[in-house]
K.L.:
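So that we are looking at the same thing, I have put the structure below in structure tokens.
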Amino acid sequence: MRGSARSLLGVLPLVAIVALAEPSLCFPQQPVPNPDQEYLLGIWRLDLSRSKYSPGPPPKSETRTYTRDDEGLKGVVQRHLADGREETIEYRANFDQEYPVSGTDAYDAVTFKRIDARTAQAVLSHAGQVFGMARRVISEDGQTMTITFRRESSTIVNNVALYRKESKR
């Protein structure tokens, strides 16, 4: 046997031991799906007739799409505002870590916290300052989602938006 083949044979048992002791070092793993968030996956449309915006005005329409990828849960909000502007807001919707938000000037980061299997709370912030708080509750049948948003500033904002699930992605 040549020297390099003998060296390789000497290393193989060590590689096998490392692979058995800690497989994640040799085989990258996908994030473990959080079963609590599976209810969230899909397309949700705002039901304006059952929503309340104070002080208003409400958006003309809004669609929220939640998908799973290699980095976990991703949220995309497509919003048509009353003044004719449109926003496409994108963010990560994983728990317990601050994530950047793109597509709006109002806030630039979000942190989600799990409350229970169908409830989450979000802190929205801009430049490190709290912009507002949101609470998301998904119904027991998984067909409606209610997001209550509150912001205390010179004008208190208290919105309750009800969404209906259009499809699961």
Side-chain angles (χ1 to χ4, degrees), residues 28-127 129-153 155-169:
Q29 296 180 349
Q30 300 284 336
V32 177
N34 185 331
D36 292 352
Q37 292 186 303
E38 294 303 308
Y39 301 113
L40 186 59
L41 295 176
I43 299 171
W44 299 84
R45 294 220 188 268
L46 178 64
D47 182 342
L48 281 167
S49 69
R50 300 205 41 217
S51 300
K52 293 181 177 99
Y53 286 80
S54 175
K60 287 183 181 178
S61 67
E62 184 175 295
T63 302
R64 292 174 175 258
T65 304
Y66 297 94
T67 57
R68 182 170 304 290
D69 64 16
D70 291 344
E71 297 177 44
L73 213 59
K74 181 179 180 182
V76 177
V77 180
Q78 293 181 308
R79 188 178 290 153
H80 298 270
L81 300 171
D83 64 7
R85 290 180 299 129
E86 294 182 12
E87 291 181 324
T88 300
I89 302 168
E90 296 187 34
Y91 57 92
R92 288 276 152 208
N94 301 319
F95 293 133
D96 302 324
Q97 183 177 336
E98 184 177 84
Y99 290 96
V101 175
S102 66
T104 182
D105 293 332
Y107 47 93
D108 58 16
V110 64
T111 304
F112 286 93
K113 179 182 176 189
R114 178 188 185 275
I115 303 301
D116 62 38
R118 294 180 185 265
T119 307
Q121 184 163 324
V123 176
L124 301 147
S125 59
H126 181 78
Q129 300 296 314
V130 172
F131 171 76
M133 307 278 285
R135 185 176 186 92
R136 178 186 71 217
V137 179
I138 297 176
S139 65
E140 197 64 37
D141 68 2
Q143 296 305 302
T144 60
M145 173 174 66
T146 304
I147 297 177
T148 304
F149 174 79
R150 180 148 177 94
R151 183 177 78 213
E152 294 185 20
S153 59
T155 302
I156 294 176
V157 176
N158 193 17
N159 299 336
V160 179
L162 185 120
Y163 300 83
R164 297 199 180 280
K165 192 164 206 175
E166 188 170 280
S167 70
K168 183 170 180 167
R169 276 208 159 170

K.L.:
Are the side chains of D96 and K113 in touch, meaning some heavy atoms are under 4.5 Å apart?
P.N.:
yes
K.L.:
Indicate yes or no: at least one non-hydrogen side-chain atom of Y91 is less than 4.5 angstrom from one of F112.
P.N.:
yes
K.L.:
I'd like to check the side chain to side chain contact (heavy atoms under 4.5 Å, CB included) partners of Q143; sequence neighbours left out, ordered by chain and number.
P.N.:
D141, K165
K.L.:
My understanding is that only residues two or more places apart in sequence, or in another chain, count here; which of them pass side-chain hydrogen bond (donor to acceptor under 3.5 Å, both in side chains) with E90?
P.N.:
K74
K.L.:
Going by heavy atoms in the side chains, are W44 and Y66 under 4.5 Å from each other?
P.N.:
yes
K.L.:
Under a 3.5 Å distance rule, please check whether N94 uses its side chain to pair with a backbone N or O of Y99 as donor and acceptor.
P.N.:
no
K.L.:
Just how far is it from atom CD of E87 to atom CG of L81, taken to the nearest 0.5 Å?
P.N.:
5.0 Å
K.L.:
Do R92 and D69 come within less than 4.5 Å of each other through their side chains, counting heavy atoms only?
P.N.:
yes
K.L.:
How close do H126 and F131 get, counting heavy atoms only, and between which atoms?
P.N.:
N-CB, 4.4 Å
K.L.:
Locate the shortest heavy-atom distance separating T155 from P55; write the atom from each residue and the value.
P.N.:
CG2-CG, 3.9 Å
K.L.:
Decide yes or no for Q78 and E86: does some side-chain heavy atom of the first lie under 4.5 Å from some side-chain heavy atom of the second?
P.N.:
no
K.L.:
Indicate the atoms forming the closest heavy-atom contact of E98 with S125, along with that distance.
P.N.:
OE2-OG, 3.8 Å
K.L.:
Is the shortest heavy-atom distance from the side chain of L73 to the side chain of F95 under 4.5 Å?
P.N.:
no
K.L.:
Where the side chain of N158 meets the backbone of R150, is there a donor-acceptor pair that is under 3.5 Å apart?
P.N.:
no
K.L.:
Are the side chains of Y53 and F149 in contact, using a 4.5 Å heavy-atom criterion?
P.N.:
no
K.L.:
Answer yes or no: is there a donor N or O on one side and an acceptor on the other, between the side chain of S51 and the main chain of L162, under 3.5 Å?
P.N.:
yes
K.L.:
For the atom pair CE (M133) and OG1 (T111), what is the distance rounded to the nearest 0.5 Å?
P.N.:
10.0 Å
K.L.:
Is there a donor-acceptor pair closer than 3.5 Å between any side-chain N or O of S139 and the backbone N or O of T144?
P.N.:
yes
K.L.:
Could you walk me through whether T119 and R135 satisfy the side chain to side chain contact (heavy atoms under 4.5 Å, CB included) test, starting with their C-alpha distance in whole Å, then the side-chain angles of each, then the deciding distance to 0.1 Å, before giving a yes or no?
P.N.:
CA-CA 7 Å; T119 307; R135 185 176 186 92; 3.7 Å; yes
K.L.:
State, to 0.1 Å, how close A122 and V110 come at their nearest heavy-atom pair, and which atoms those are.
P.N.:
CB-CG2, 4.0 Å
K.L.:
CZ of R151 to CD1 of I156: how many Å apart, nearest 0.5 Å?
P.N.:
10.5 Å
K.L.:
What donor-acceptor contacts under 3.5 angstrom involve side-chain atoms of residues 56-63, with partners at least two apart or in another chain?
P.N.:
residue : atom : partner : partner atom : Å
E62     : OE1  : R79     : NE           : 2.5
E62     : OE1  : R79     : NH2          : 3.2
E62     : OE2  : R64     : NE           : 2.9
E62     : OE2  : R64     : NH2          : 3.3
E62     : OE2  : Y163    : OH           : 2.4
T63     : OG1  : R45     : NH1          : 2.4

K.L.:
Could you tell me which non-hydrogen atom of I147 sits nearest to which non-hydrogen atom of A134, and how far apart they are?
P.N.:
CG2-CB, 4.2 Å
K.L.:
What closest approach, in Å, do S54 and N159 show between heavy atoms, and which atom pair accounts for it?
P.N.:
N-OD1, 3.1 Å
